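What's counted below: heavy atoms across the whole structure, side chains too, no hydrogens, waters or symmetry copies. The sequence lines fix the lettering, A, B, ..., with proteins before strands; numbering per chain opens at 1. If you're wondering where the values come from, they're calculated on a predicted model, not measured in any experiment.
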2 protein chains.
Amino acid sequence: MAQLVAPPVERRAFFRDTEANRRESLIAATQALVAEGGPQAATVRAIAARAGVTPGLIRHYFGSKDELIRAAYTMLVDGMTDKGADALEGVGADPEERLAAFVAASLRPPVVDGRTVGLWAGYLHQVQQDAGLLAQHEKGYLRYRDQLQALIADLGRAEVTATQLRQEAIACNAILDGLWLEGSVLPHGFAPGELVRIGLRATGAILGVNLTRHTTFIPELYPTAGKTET
Amino acid sequence: MAQLVAPPVERRAFFRDTEANRRESLIAATQALVAEGGPQAATVRAIAARAGVTPGLIRHYFGSKDELIRAAYTMLVDGMTDKGADALEGVGADPEERLAAFVAASLRPPVVDGRTVGLWAGYLHQVQQDAGLLAQHEKGYLRYRDQLQALIADLGRAEVTATQLRQEAIACNAILDGLWLEGSVLPHGFAPGELVRIGLRATGAILGVNLTRHTTFIPELYPTAGKTET
DNA sequence: GCTGTGATTACACACTTGTATAACAACCGC
DNA sequence: GCGGTTGTTATACAAGTGTGTAATCACAGC
């Protein structure tokens, strides 16, 4: 039998990249897959393909797939809490206005987004079973709530006990979480800007202040005004 | 070589059960597994083992694994909305009291529970991608919110527009969802009964009524009173 | 220019997954 | 009693999973 010539198996182009870039792209690929199809979609092969590398690299940079998952979750938690602080960037010193900006930012894309809530839900089980991840989750949650509580405390209302302040922060945080959840899962269930309006009114009612005056943060109310400042 | 005698492979005990029982136990096993370890833990073999049958049965009663998953989700949605109505069982006719009972029931076990939220999160991706499941989710969500809205409307406050009523229902629902989420994931983060207290106070503030008087529904406040009626 | 050395790829392996199919056991009508 | 029907089990199979290991490539130091 004639000896068959081995077909020229095209080897993937070799490209050397920095460790930071590789880790980042692998984590990004993991996030995208978990957000879209849950943890079951984030296989080593799918992750590698999305990141443009071969599966071996994930074990080279992260000891195992679990470690990559854990790193990705850490990245997610850190990113979500940072968004709260980002919303206060460039906002004036008026306490009510700052609180309104914080609330509004939490009820708009990219926070309110089907992929984000999918990502969050995808990690939930791992969080519940891994003590380390649970600690990270709690830290992130408390940091976010503390930001909110600080804004509430700055309102300068009289006669507010520590317990009351804590409970108000928990309640307002719950409103944001609940609206975030529903708005993300059922995006077409609410009119544009409706979530922000409801959030401002509800938190205002709980705290006894009027936040609905600060509608500057509802871009949907100003469809033509694309620029806030230039 | 001496012929080895085949070891007596013990065949699983044959037990014939009703179709209803089989479907129910298979669904229950699916729920338990999804709640604990996510969809990835709900394999056909694990489900069958949990239900005390062999994997073949799942394909006999449900055409495929996906169909079982879908049936299980339907079961979950129906069960969750029913719990709201159950809470109003045996409560008096006072509108405020009925609303308070509804709120309290939503912020206590078995609704507030790590497994329940895990179950909910486990289905999220399938819900987002399957149009049929998404419709079921929306139906269940709206049914629950409508129950809440009806209770709010019954309060008999003056001058309430339809839009305002809708927004109040969304806001109150969001509070319940948010507290449910946080209380379920971080059970030790809140004192017993604290979620109920916060929920009653916050919804009351939004609606302009005082619900905190109706503390009958906080069993943690009556540690020794194990019986409600006999 | 040569030689390590480490990043990157390719391949192999044992295991699990969902599904298909055949064997088996109990109940039904007659 | 007895064959047929159907619920139930057992086994087989192809595809996909994470992981281990060897081969390859590019670059740095001398």
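For A/E67, the side chain to side chain contact (heavy atoms under 4.5 Å, CB included) partners two or more places apart in sequence, or in a different chain, are A/F62, A/S64. The side-chain hydrogen bond (donor to acceptor under 3.5 Å, both in side chains) check on B/Q128 picks up nothing, with sequence neighbours excluded. Residues satisfying the side chain to side chain contact (heavy atoms under 4.5 Å, CB included) criterion with B/A46, sequence neighbours excluded, are B/L33, B/T43. Not counting sequence neighbours, the partners of B/S184 by the side chain to side chain contact (heavy atoms under 4.5 Å, CB included) test are B/V112, B/V117, B/W180. Taking the side chain to side chain contact (heavy atoms under 4.5 Å, CB included) definition, one finds that B/V34 meets it with B/T30, B/A42, B/L119, B/Y123, sequence neighbours left out.
Within residues 40-48 of chain A, no residue is approached by DNA chain C to less than 4.0 Å at the level of any non-hydrogen atom. Looking at residues 58-66 of chain B, you'll see B/R59, B/S64, B/K65 sit with a heavy atom under 4.0 Å from some atom of DNA chain C. A heavy atom closer than 4.0 Å to some atom of DNA chain C occurs in no member of residues 25-34 of chain B.
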How would nucleotides 23-30 of chain D be written as a contact map, 5' to 3', with B for base contact, S for sugar-phosphate-only contact and - for no contact, using protein heavy atoms under 4.0 Å? BSBB----
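A heavy-atom distance below 4.5 Å is found between the side chains of A/L186 and B/L134. Contact annotation: the side chain of B/N21 approaches that of B/T18 to within less than 4.5 Å [non-hydrogen atoms, C-beta and beyond]. Residues B/D177 and A/D177 fail the side-chain proximity criterion, which asks for heavy atoms closer than 4.5 Å. Residues B/V196 and B/L179 have side chains not in contact (no heavy-atom distance under 4.5 Å, counting atoms from C-beta outward).
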Check the pair B/Y141 / A/E182 against side-chain hydrogen bond (donor to acceptor under 3.5 Å, both in side chains), numbers first and verdict last. CA-CA 9 Å; B/Y141 163 68; A/E182 298 153 13; 3.2 Å; yes
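Between A/E19 and A/R12, the residue anchored nearer the 5' end of DNA chain C, judged by the nucleotide with its closest heavy atom, is A/E19.
Residue pairs that meet the side chain to side chain donor-acceptor pair (under 3.5 Å) test with at least one member in residues 109-118 of chain B, sequence neighbours left out, are B/E36-B/R115, B/D113-B/T116. Pairs engaging residues 68-81 of chain B under the side chain to side chain donor-acceptor pair (under 3.5 Å) rule: B/R70-B/D130, B/Y73-B/H137, B/T74-B/Q136, B/T81-B/R143 [sequence neighbours left out]. The stretch residues 132-141 of chain B participates, sequence neighbours left out, in no salt bridge (charged side-chain N to carboxylate O under 4.0 Å, His left out) pair at all.
One interatomic measurement links the two molecules: CG of A/L57 to P of C/dC11, which rounds to 16 Å at whole-angstrom precision. Here the P atom of nucleotide D/dT19 and the CD atom of A/E67 are 11 Å apart, to the nearest Å.
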